[in-house]
Amino acid sequence: MPEIKVSASILSADFSCLNKALERCQASGVDSLHMDIMDGHFVPNISFGPVVIKWLRPLTKLPMDAHLMIENPGWYIEEFAKSGADIITVHAECFGKLKAHCDGLGKFPKEIESLDEARLLSVIKQIKSVGKKAGLAFNPGSPMCATDKILQELDEITIMSVNPGFSGQGFMPEALPKISQLRQIFKGDIRVDGGINDKTAPEAIKAGANILVTASYFFGSKDPVKAVQILKSATETQSSQRN
Ligand code: DX5
Ligand code: ZN
């Protein structure tokens, strides 16, 4: 079983003192920082851009992953690479045939029927050409439709367990079979993102995820060291004891 890693999303941090948020992350033993980048087009919310990564980069050695919830992510790869992100994750929904109900401005959540492999591969290559690790994310309503050709180019895959846009939402259990299915064919890191807490982490790990993203559970905890420990040691046994 791979080591379980915890990735703290600063989306739930107090943005008036991000350096304090970083200290909290470092002191509590999280493995990386998850940067939720939102453009108000791919998702119904706007967060922040590469400038925040740029200013935080010199303040910590923790790896940073940029979760790009933006349209046309290919336009911004260099910018995020320059800012200091170590992993750049783009969304499958930006590279495929959208389902009819979400095809158009202001229609969410974005979900695809199929992937345009050539366009996606070219952006994955772009990410690698700037020396960064490449990730691909799937929204809850999109099938895990990456072929072997795509899978072998990726360092990690994110299975969204909420519709992207906001922290603090409830975990969608539909993510679990998707994670299990993916774990059978993908040896790289599987990140699960959305609604992770002491109750949902065991299920996600059991299904095969090895990186747990957390915003509200981690930043809402009075004891962040314990919160990270709980997530890292979450097992099926703990889960069934609680139920
Ligand atoms: C949602 C983001 C998530 C979010 C997680 O669009 O991609 O990373 O910040 O927040 P919690 O852990 O509160 O569900
Ligand atoms: Zn995220």
Side-chain angles (χ1 to χ4, degrees), residues 1-13 21-36 53 56-57 60-67 84-89 127-128 131-138 144 146 151-162 167 171 173 175-221 223-242:
M1 182 139 164
E3 187 196 345
I4 304 304
K5 293 186 171 170
V6 171
S7 187
S9 163
I10 65 163
L11 198 59
S12 287
L22 273 196
E23 280 165 24
R24 180 186 179 98
C25 291
Q26 292 180 148
S28 61
V30 306
D31 299 279
S32 62
L33 298 173
H34 181 81
M35 314 303 266
D36 281 313
I53 301 180
L56 294 183
R57 181 68 285 175
T60 178
K61 289 199 169 63
L62 286 174
M64 292 189 189
D65 77 90
H67 176 194
D86 302 282
I87 304 172
I88 300 180
T89 290
I127 297 173
K128 292 188 161 176
K132 303 299 178 181
K133 288 189 175 171
L136 180 65
F138 288 88
M144 214 305 295
L151 294 181
Q152 66 196 21
E153 296 298 327
L154 292 169
D155 295 290
E156 65 163 68
I157 296 187
T158 298
I159 299 296
M160 294 303 299
S161 36
V162 294
S167 57
F171 183 84
L176 296 171
K178 239 159 133 183
I179 294 172
S180 321
Q181 178 206 343
L182 178 61
R183 185 41 90 203
Q184 294 185 7
I185 53 170
F186 185 64
K187 300 276 169 284
D189 288 326
I190 301 182
R191 184 184 294 267
V192 58
D193 186 5
I196 291 294
N197 56 37
D198 56 336
K199 296 185 180 56
T200 56
E203 313 298 331
I205 294 171
K206 186 183 164 205
N210 63 303
I211 304 180
L212 310 171
V213 174
T214 169
S216 51
Y217 177 70
F218 174 73
F219 281 101
S221 164
D223 186 344
V225 174
K226 198 163 171 210
V228 172
Q229 274 168 4
I230 288 174
L231 293 183
K232 285 198 179 191
S233 62
T235 63
E236 194 202 342
T237 330
Q238 287 169 332
S239 155
S240 50
Q241 276 168 359
R242 261 188 297 272

Test item: I196 and L231 side chains (from C-beta on) under 4.5 Å apart, heavy atoms: yes
Atom CG in D155, atom CG in D65: separation rounded to 0.5 Å? 12.0 Å
Report the C-alpha distance between C25 and L62 in whole Å, list the side-chain angles of each, state the deciding distance to 0.1 Å, and finish with yes or no for side chain to side chain contact (heavy atoms under 4.5 Å, CB included). CA-CA 9 Å; C25 291; L62 286 174; 4.2 Å; yes
Taking it one step at a time, do L11 and H67 satisfy side chain to side chain contact (heavy atoms under 4.5 Å, CB included)? CA-CA 11 Å; L11 198 59; H67 176 194; over 6 Å; no
Measure across V192 and A204 and return the closest heavy-atom pair with its distance rounded to 0.1 Å. CG1-CB, 3.8 Å
Is the shortest side-chain N to carboxylate O distance from D86 to R57 below 4.0 Å? yes
Distance only, no hydrogens: is a donor on one side chain within 3.5 Å (strictly under) of an acceptor on the other, for S7 and S32? yes
Are any side-chain N or O atoms of S221 and backbone N or O atoms of D223, one a donor and one an acceptor, separated by less than 3.5 Å? yes
Nearest heavy-atom approach of G188 to N210 is O-OD1, 4.3 Å
Would you say the side-chain atoms of H34 and D36 include a donor-acceptor pair closer than 3.5 Å? yes
What are the two closest non-hydrogen atoms of A146 and L151, and how far apart are they? CB-CD2, 3.8 Å
With side chain to side chain contact (heavy atoms under 4.5 Å, CB included) as the criterion, how do Y217 and I230 come out once you've worked through the C-alpha distance, each side chain's angles and the decisive distance to 0.1 Å? CA-CA 11 Å; Y217 177 70; I230 288 174; 3.8 Å; yes
Distance in Å, I159 CD1 paired with M144 CE, rounded so as to fall on 0.5 Å steps: 6.5 Å
If you measure from CD on Q229 to OG on S28, what distance do you get to the nearest 0.5 Å? 10.0 Å
After noting the C-alpha distance and the side-chain angles of D31 and K232, does the key distance pass the side chain to side chain contact (heavy atoms under 4.5 Å, CB included) rule? CA-CA 10 Å; D31 299 279; K232 285 198 179 191; 2.9 Å; yes
So does F218 get a backbone contact from the side chain of R24, meaning a donor-acceptor N/O pair under 3.5 Å? yes
Taking C-beta and beyond as the side chain, do L212 and I205 meet within less than 4.5 Å on heavy atoms? yes
So, D193 side chain and M160 main chain: donor-acceptor pair closer than 3.5 Å or not? no
If every non-hydrogen atom of I4 is compared with every non-hydrogen atom of A209, which pair is closest and at what distance? CD1-O, 3.9 Å
Under the 3.5 angstrom rule, does the side chain of K128 hit a backbone N or O of A134 as a donor-acceptor pair? no
Are side-chain heavy atoms of F219 and S167 found at a separation under 4.5 Å? no
Out of curiosity, L22 CG to M64 CE, how far, rounded to the nearest 0.5 Å? 6.0 Å
CD1-CG distance between I190 and L182, expressed to the nearest 0.5 angstrom: 3.5 Å
All heavy atoms of V225 vs all of A27, minimum pair found to be CG2-O, 3.9 Å
Expected output: side-chain R183 to main-chain F186 donor-acceptor under 3.5 Å: yes
With a 6.0 Å cut-off (strictly less than), is the heavy-atom count around NZ of K5, excluding the residue itself, greater than 12? no
Determine whether N197 and T214 make a side-chain contact, defined as any pair of heavy atoms from C-beta on separated by less than 4.5 Å. no
Short N-O contact, D189 and K133, less than 4.0 angstrom: no
So, taking the atom named CD1 in I87 and the one named CG in L33, what distance separates them when rounded to the nearest 0.5 Å? 11.0 Å
What are the two closest non-hydrogen atoms of P202 and D198, and how far apart are they? CD-O, 3.2 Å
